[in-house]
Chemist: 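Dumping the structure here so I can ask a few things about it.
Numbered from 1 within each chain, the chains take letters A, B, ... in sequence-line order. The shown structure was predicted, so the numbers you read here are calculated from the model rather than taken from an experiment. Values reported hereafter were calculated over all heavy atoms of this structure, with side chains retained and with hydrogens, waters and symmetry mates removed.
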Amino acid sequence: MRAAVIGAGVILSTALWLAALSVGAPFDAANGALDRAFGGLPAWTQVRNMYRNPETQEASAGEKPLASFHRLAGYWAHGGRVLFIGNSQMQMVSLARGEAPPTGPEKTWVDLVTDELAKSGSDLKAYRLSAGGMTYAEALWDILYLTAHPELKPQAIFLQMNYQFLWSNGIRDGMLELLDDPAFRDAAAREAARGDGYSGLFRERLQAGAARGATAGAAPSTEANAPAERLESEVRQGLSGWIGFRERGRQRDDFLNLLYRARIYFLHLKPSTARSISEVRLRESQTAVERIAEICREENIRFVLLRVPANPLISLYRTPEDHDRYMRYLADMASRFATPVYDFEDLVPAQEWGLAYNGPDPLHMGRAGHRLLASRVIPIVELEMAAKP
Amino acid sequence: MQFNSYSYLLLLGACAALYWRLPFRFRRGYVLLLSALFYAAWKPSYLWIPILLCGVVYWCGTRMAAAGPRAGAYLRCGIGFTVGLLVFFKYRVFLAQNLNGLLAGLHVPPIPAGLWIALPLGISFYSFEAVSYLLDKRQGRIKGESLADLALFVSFWPHMIAGPIVRFRELIPQFRTEKKWDWPMLTQGLDRLIWGLVQKNLLANSLAAWVEEGFAGHSYAANSSTDNWVLAAAFGLQIYFDFAAYSNMAIGAANLIGITLPENFRTPYHAANPAEFWSRWHMTLSRWIRDYLFFPLNARHPDAGARLYLSLIGIMAVVGLWHGAGWGFVLWGILHGVYLTVYRMWERWTEAHPAPWKRSGAVRLGWRAATLVGVLAAWIPFRASSLHQCLAMLREMFFGFHFTRLSFSANFYLGTGAIAVFCALEPLLLAAVERLERAAQKHQTAWVAHAILLRPLVYALGLLLFMIFDDRNVQFIYFQF
């Protein structure tokens, strides 16, 4: 009897603790405690309440773009189609010292450009295709999909250029869903066969797509049909009614933020840690940009490179050679493809850059920085759309 | 059914509770039924494989016991059938590909490898257990067992898919002894189960994405020496935590119904030499290899130098091949065979020519460091997708001397470093937990409070980490073996 009572106590107590930990936010509380202990900036400097508009933005942040692209066809049914492609700098605001806490959803410079074009009565319709840590191979992947569908083909592409963008490589798993489309699959297969720097990555992603049964007409995998998998899906469906289960993504973010804070506060390792890029990865990114330029030329799409602002307090280049090489690459792009390159690298002064944790944010601008950039980009959009491809 | 799935955990709790409610005489049948259902949940049409294996092996075993001088023939028949089944499912395509490579040189048309057939889950493990049953039976160590006993031994669900590799005489007698449920069985089981969930979801899976990126077929050539060393460490930690997690969950699940399975890992990266590594890593496989391969093969010539060393390298190559049908696995095994041989030679030399410096702390430290470096380097052929990739990465590690260039995000190096530090401190943490438990056990009230309050809090935290790092798409590495 005593054993049964203690056993029941262990189970019940575990369930209660788990419920308390799941519903509460222990890692968020720990983050707050660390910020207080180390004099971190208020959490609101990293704006979470960002402006969302599934009509003008790719809503999944790169994870599942297909639904956004279906919606885009409606938005672009009339008017001039302008596409902005970039990474988290296009979708995040990090407030600068002296900027007031947010009172509503914050807009990034692309959102402001979109608004301004609409307000001015222009028939240009800007669309933001951005994702945190986006890679140029992913940009090419998306452009292949858009150009394979006439109703999605843009008239102008403004591609964000900065050195940090070149660091990232790979194509995320969520984007493999585009392989369900036969026209895109054929286009991706052609790119994989080209032998360019990014082709190896495309080959690997095509294989991964085939393995997940994403290609049209492929039978679902045996494992997915197994009774165990079906049962697991049912159980997860049932658990999804419980808040602790639904909120586990947020708890995960809080936990990772806790580790991130530990990195900054204890090890003093800032996210700006500049590094050189290995040859293969650099080639993968650069050849993807070159291929985008080629596709734009073939498809009569106006292609523009925007050298976006960089925080003057933080250098993203590890060595002066890295910087020189990057500049040579941009000059080469401009001359080989007659691509306009607009340089805003020094546009935003240090005080208009955001703050992250206990120091300057290396990538994300404050509210005023976004406004300043938007004001400079709007005339360029009008100018470039008026020009012939 | 994955051990780290919600459905498994919920069913495990319900099934364990029902186990203790059943009269003792029904328990073995109940566990056998559960084991069959567990296996069928993955692929019902493959249930015939362990059933057929048990039938044939049992028949050979009983005939062997009655055959007198012809017992050896039944032993060979049983082992031949078991190995044949394993070769058919696991090595058919590999053998055909290599044979066709040779035939192509002779301008002979290739032989067909046959249709692609999914590898039956756990076949490498339950084949070894079937062989151990036959060999133990031949030695007269097993008597009076039924077909149901053999089926339970082979298919007992916690160990069927990926071990620990148990012996008939250490498992089945436990089912023959009636036990009464007590709450320490529950806490022992939950300790292992929840620690396994954390090891798998938080530690192993966190490393998986980085390892995947680092070994990617299109970009590994750009890795620097530092990148490759960190990658080798990351994969070494990933596979350790992945497999130790599975073993812990298997041991924990068995504990919940009062069954004790043998330990499989004992902080292997703390090994002082290559021989000790194999007494800490996948311990039940090492034991199997030692008792059923190494000793029988070398019994007649225990001191024959070169013969012993060749046999050691050959056996380790087979251990590598057992892990997977690929030359990378064989190379991994051969490397470990060479490490063991070198260490054995050193020991013999030290015994023949004793000198104080050979037992000094510096030499012992040297062996410890060399073992760690050797073990990490050997993970490269194990994980690389081709021999070409393996050689390129090893060349960069040992001869590249590019130590300042870092190709991946800072989180990769920091994350791997943090998990490596955790691994290094693991023995201290385990000792601290044991000390805490012993202190609490001295006072009855403190012990019950510890069991009902503190321990559940740790369980809940573990379950929370399991939930938030839950990724349905990452299965256990050893499932593929």
Chemist: What distance do A/Leu239 atom CG and B/Leu10 atom CG have between them, rounded to the nearest 0.5 Å?
Modeler: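 With rounding to 0.5 Å, CG (A/Leu239) is 6.5 Å from CG (B/Leu10).
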Chemist: What part of A/Phe245 gets closer than 4.5 Å to chain B, counting heavy atoms only: side chain, backbone, both or neither?
Modeler: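 Backbone plus side chain of A/Phe245, per the 4.5 Å heavy-atom cut-off to chain B.
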Chemist: What part of B/Asn411 gets within 4.5 angstrom of chain A, counting heavy atoms only: side chain, backbone, both, or neither?
Modeler: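 Interface part for B/Asn411: both.
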Chemist: If you measure from CG on B/Leu457 to CG on A/Leu18, what distance do you get to the nearest 0.5 Å?
Modeler: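 Between B/Leu457 CG and A/Leu18 CG, I get 10.5 Å after rounding to 0.5 Å.
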Chemist: Distance check, rounded to the nearest 0.5 Å: B/Asp182 atom CG versus A/Ile6 atom CD1?
Modeler: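 Rounded to the nearest 0.5 Å, the CG-CD1 separation comes out at 8.0 Å.
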Chemist: What pairs with B/Tyr413 under ring-ring contact (aromatic ring centres under 6.0 Å, His included), at least two apart in sequence or on another chain?
Modeler: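 In terms of ring-ring contact (aromatic ring centres under 6.0 Å, His included), with neighbours along the sequence ignored, B/Tyr413 is linked to no residue.
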Chemist: With a sphere of 6.0 Å drawn around NE2 of A/His323, does it hold more than 12 non-hydrogen atoms of other residues, nucleotides or ligands?
Modeler: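 Result for NE2/A/His323: enclosed.
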Chemist: For A/Thr14 and B/Ala460, which heavy atoms make the closest approach, and how far apart are they?
Modeler: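 Closest approach of A/Thr14 to B/Ala460: O-CB, 3.8 Å.
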Chemist: Measuring only between side-chain heavy atoms, which start at C-beta, is B/Leu463 closer than 4.5 Å to A/Trp17?
Modeler: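 Answer no - side chains too far apart.
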Chemist: Please classify the contact of A/Leu267 with chain B as side chain, backbone, both or neither, using a heavy-atom distance under 4.5 Å.
Modeler: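 Side chain only.
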Chemist: At what distance, to the nearest 0.5 angstrom, does CZ of A/Arg248 lie from CG of B/Leu464?
Modeler: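 The CG atom of B/Leu464 is 11.0 Å from CZ of A/Arg248, to the nearest 0.5 Å.
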Chemist: Relative to chain B, which segment of A/Leu259 carries a heavy atom at a distance below 4.5 Å: side chain, backbone, both, or neither?
Modeler: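 For A/Leu259, neither part sits under 4.5 Å from chain B.
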Chemist: Inspect the surroundings of CD in A/Gln237 and state if more than 12 heavy atoms from other residues, nucleotides or ligands are less than 6.0 Å away.
Modeler: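 12 or below, so no.
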Chemist: Who wins among B/Trp181, B/Phe38, B/Trp183 for the most heavy-atom pairs under 4.5 Å with chain A?
Modeler: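 Looking at each of B/Trp181, B/Phe38, B/Trp183 in turn, B/Trp183 comes out on top.
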Chemist: Side chain, backbone, both or neither: which part of B/Thr187 has a heavy atom under 4.5 Å from chain A?
Modeler: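 Only the side chain of B/Thr187 comes within 4.5 Å of chain A.
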Chemist: Which atoms of B/Leu461 come close to chain A, meaning under 4.5 Å heavy atom to heavy atom: side chain ones, backbone ones, both, or neither?
Modeler: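 Backbone plus side chain of B/Leu461, per the 4.5 Å heavy-atom cut-off to chain A.
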Chemist: Starting at OG of B/Ser7, measure out to CD of A/Glu229 and round the result to the nearest 0.5 Å.
Modeler: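 Here the rounded value is 8.0 Å.
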Chemist: Between A/Ala4, A/Ala15, A/Gly7, A/Ala19, which shows the greatest number of heavy-atom pairs under 4.5 Å with chain B?
Modeler: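 Top option by heavy-atom pairs under 4.5 Å: A/Gly7.
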Chemist: Where on B/Ala40 is there a heavy atom nearer than 4.5 Å to chain A: the side chain, the backbone, both, or neither?
Modeler: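 Contact with chain A involves the backbone of B/Ala40 alone.
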Chemist: What's the verdict on side chain to side chain contact (heavy atoms under 4.5 Å, CB included) for B/Leu414 and A/Tyr260, showing C-alpha distance, side-chain angles and the deciding distance?
Modeler: CA-CA 10 Å; B/Leu414 290 171; A/Tyr260 195 62; over 6 Å; no
Chemist: Side chain, backbone, both or neither: which part of B/Pro44 has a heavy atom under 4.5 Å from chain A?
Modeler: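 It is the side chain, since no backbone atom gets that close.
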Chemist: Contact part of B/Leu202 toward chain A, heavy-atom cut-off under 4.5 Å: side chain, backbone, both or neither?
Modeler: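 Side chain of B/Leu202 only, per the 4.5 Å heavy-atom cut-off to chain A.
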Chemist: Atom OH in B/Tyr6, atom CD in A/Glu234: separation rounded to 0.5 Å?
Modeler: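 Here the interatomic distance stands at 16.0 Å.
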Chemist: Do the side chains of B/Met467 and A/Leu21 get nearer than 4.5 Å, heavy atoms only?
Modeler: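 Result no, sub-4.5 Å side-chain heavy-atom pair not found.
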Chemist: Is it the backbone or the side chain of B/Leu186 that comes under 4.5 Å from a heavy atom of chain A, or both, or neither?
Modeler: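 For B/Leu186, side-chain heavy atoms alone lie under 4.5 Å from chain A.
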Chemist: Using a 4.5 Å cut-off on heavy atoms from C-beta on, say whether the side chain of B/Tyr8 contacts that of A/Val235.
Modeler: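 Not touching, per the 4.5 Å side-chain cut-off.
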